Every structure is written in structure tokens, then in C-alpha cells.
Protein chains: 2
Amino acid sequence: MKLETIDVRQSASAADLVFEALRKAIIEGALAGGEHLRQDHIAQMFNTSRIPVREALKRLEQDGLVTNERYKGTVVAELSTAEVEEIFEFRALIESEVIRLAVPRLDARRLDEARGHLEDFAGEADPSLWGTINRNFHYSLYAASERPYHLQIVRSSLDRVDRYLRAQLTLTDGMRRARQEHEAIFDACARGDADEAARLTRAHILDASRSLTAFLENRRR
Amino acid sequence: MKLETIDVRQSASAADLVFEALRKAIIEGALAGGEHLRQDHIAQMFNTSRIPVREALKRLEQDGLVTNERYKGTVVAELSTAEVEEIFEFRALIESEVIRLAVPRLDARRLDEARGHLEDFAGEADPSLWGTINRNFHYSLYAASERPYHLQIVRSSLDRVDRYLRAQLTLTDGMRRARQEHEAIFDACARGDADEAARLTRAHILDASRSLTAFLENRRR
DNA sequence: CTATTGTATATTGGATCCAATCTGAGTAAA
DNA sequence: TTTACTCAGATTGGATCCAATATACAATAG
């Protein structure tokens, strides 16, 4: 008898699971900036020893999501307003270029997918889901760029500021503006106007940045 | 009595030392692509247990310098020609923008430093040092941009392709062309012409990319 | 009462040990 | 000859134990 060789999805290691869970918690804001991540505590939560936890923390540190001081421990990274601003400036540069590359490669399927996220975004009442839908919308367009490295960097830079971006969407009128801007971006993509899509994406990110830094400065005062 | 409070430089952890050593070996090409990194072997080389080695390998994996398969091990990452090309395309985008931001902030000290690296580059006979001098030249200019996040990404993307870039400098006429292009970039910076410096930097990186991909395609045939 | 010192506890970093899995040589069967 | 199978060694992943350091708090001197 000959069986199909099934590509058994190799189960993730404990370290991978811990890493993904912590990453998600940080970018969603479930873990606040400055919060102390105790190895022991996390290990108990995941029913493992501290070893996989430590590997996960090292990976998070490499991504800039946490910082570690020897013998003191690991805390969720906090960004200054200047740092947030710089990362948004960076995103504006990369993401506008990525969408410029994506537009000529967009097909009907992807456009439909993006339109779906657009509608989800407009129809979703629960603010805790806006951040994820926002990401999905942009990614569904960016994916067409066929630039895996660029997309990885986009993901990494967005990870760092996602907590702040979610706050901005929720706590200001960011959601309303984002919706309008998304529609304009989508229209430019549907028309095949890459330069306009790039220009609008850049403006969209810088708009969010201005709104967010104003909000942060207010908060801190 | 009052003593000067000296900032005792906290000794790096074993994991940090291993990480830096392996990183250096990979970007310099001392460890070839595809090479298997055995935890045990590395641990012995550094006189430690495997624990810090594993943490270092996790960090390298996060940076894309190595890849890991569960229970199989960690190997030095190998990039396809397409991947190398994409990373150079990315670098052209970022580094041209970084130097545009840097030019208006360049002062005499930094320009002198860059000129020094330029002369080092021209005068150095040992090809194994060209890669590092090349990096130093560009960094001394980029540093003025005052964009720590951008610089970190520049470092990370260059790390991934540095092995290949060094090969291109050494094994083709890349060195000669790089020297000419560096001089042109430096002149534009010294004149304060940010747009021209950005344009030349972009061309410099894309030129190296073309030369390198041609070289790699030849090699693989 | 305050500042300094000593000490106990908590926490992290690293070493050693055990379990899970891969790999490859050797063997048997078609 | 070739293919499948078995088993031993090698290697990785994870658990447990020990060492180094930090932190909080009590004790003591001024």
C-alpha cells in the first residue's frame, strides 16, 4: 500500500508558542509598556519550564518589543513620542513604496479581499477589533507586491507601534478618518493608479502619526 | 571622600558574546551559507553550556541570518538571487532616504571621518577588509540622519547580504567602481546637495546589485 | 529620626540531566 | 540490485538544579 505523503505540519516548539502569544499580547496592548515579564510566571502560564520562555524573550528583544537588563529582567518596551514618530516616518516610506509595487499586480481576488476588509472595518462596532482589521486591509493590498522581505519589515515596524496605533484609532476620531482614507486608497488601487495609491498611503500614515503624537503629548502632560 | 561615579560597564552575558561572534562570522563570510551550526560544538568553543548558545541562535534566527528546523538544527541562511536582489532594492530605498535626511545635518567632524574612510578604502590592499571599510564609510554619513530606528534597519538589511556584497567587491571589479561612486557621494554630501547624494546612493546600491546578481547567476551555472 | 549596613528573598543566568527526534549504517526481503 | 526496516548514536528541545545578582527590609550607628 502506498500512502500519500502528507506534509505533517510540524508542531511548533514551546518557545515558538510562547513567543507568538507574548508578541500578540504586546502588539494588542494586553501587556502594557513597562510591564515586567517574569520568566517563572510566564512558564507557569504555559505549563513549561523557563527555558522556552527565555528563548521567546530573547526573540522579542531582538524585535524591539521588550528590553532586557542583565539580572534585572525583561520589560515591555515603551516608546518615546520621538521614537513613535520615527517609526511612522519609516512606515510611510516603506509602505508607500510597497503599495506602488503592489498595484500593477493586483487581481480581482485580492481587490475583493481588500474590499471585504474595508466593509468589515466600516461595520465593526467593537473597537478592540479595529486594529486587526486595519492590518488585514493594508496587508491584503501589500501582499500583491511579491516582496517578502519588504513585507517582513513592514510587519516588524508595525508590530512596534501597533499598540499606539490602536489607541489612536480608538481614543480619537482616528477611526473615522482612517475609514475615509482607506476608501480613497482602495479606489486608487482599483483604478490601477499606483502613484496615487502610494501618495495616499503615505498621507494616511503621516496623518495617523500627527494625530497620535498629538494624543501622546497630551496624555503625558 | 567623594569618588567619581564610574559607569561600570556591565559585562555582556555569555549569550550576547556568542551572538555577536556568530553574527560577525556570518556577515564576514567566515561561516558559509548552508553550514550546520551545532550547539555542542559552539558551546565548547566558547567554554559555556548549550543554553547561551541556543539563545544566541534564536536571536540570529530572528534576524534571518540562520534558519532552524525543529530537531534538525540550525544552518547559516542561504539567499537565492531573487532574495539578494530584493534586499538590495530595499536598501536602495532606505539608504537613499537616510542620506537625504543626513546631508543637512552633516558637520565638519563627520565629513572628515567619512573622508578618512574614503582614503582607507582607496589605500587598503587587503580585500578582506574592504567590506568593513565600506560599511564604515556609509555609516559615518548615515549617522548624521539622527534616525536610530532607520539605522537599525539599515544595519539589519546589510547584515543579511554583506557576505554576498563582500564577494562582489573582491571577485569582480566592484571595488574600483565602488571607490568612484563613494567619491561622488562624498562630494555631493560635502556640497550639501541632499537630493544628489540620495540619487547617487540609490544608483550605487543598484549598481552593486546588478553586478552581484550577474556574478551569482554565473556562479550557479 | 535618618542614613547606612547587613541579610533574606526573589529573580535571572548558566550547567547538567533527561526526553524526543533525526540520521545513517546494517540487514533482510522482494 | 533495490527497497524497506531496525536499531544505535548523534543532536536538539525541555526540565531541573545551582550560581550570580538585585531588591526589599530589618538592624544599627550617628
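Keep in mind that this is a model prediction, so the values were computed, not measured. A, B, ... follow the sequence lines: proteins, then strands. Residue 1 opens every chain.
Along DNA chain D, the nucleotide nearest A/N47 and the nucleotide nearest A/K72 are compared for position; the residue whose nucleotide lies closer to the 5' end is A/N47.
In this structure, the separation between CD on A/E55 and CG on A/L60 is 12.0 Å, given to the nearest 0.5 Å. Going from atom CZ of A/R54 over to atom OG1 of A/T74 covers 10.0 Å, rounded to the nearest 0.5 Å.
Between A/F121 and A/H182, the two ring planes are tilted [angle within 30° to 60°].
A/R166 contributes no side-chain N or O that, together with a main-chain N or O of A/L129, makes up a donor-acceptor pair within less than 3.5 Å. A side-chain donor-acceptor contact under 3.5 Å links B/R105 to the backbone of B/L101. Judged by distance alone, with hydrogens and angles left aside, the side-chain atoms of A/E124 form a donor-acceptor pair with the main-chain N or O of A/D126 at under 3.5 Å.
For A/Y71 and C/dT11, the OH to C1' distance is 11 Å, given to the nearest whole Å. Separating the CD atom of A/E69 from the C1' atom of D/dT21 is a distance of 13 Å, rounded to the nearest angstrom. Here the C1' atom of nucleotide D/dA20 and the CZ atom of A/R70 are 8 Å apart, to the nearest Å.
At a threshold of 4.0 Å, the pair A/D40-A/R50 does not count as salt-bridged, since none of the basic side-chain nitrogens sits closer than that to a carboxylate oxygen.
Within residues 36-44 of chain A, no residue places a heavy atom under 4.0 Å from DNA chain D. Of the residues in residues 48-59 of chain A, those with a non-hydrogen atom less than 4.0 angstrom from any atom of DNA chain C are A/R50, A/I51, A/R54.
Donor-acceptor pairing under 3.5 Å is recorded for the side chains of B/T81 and B/E217.
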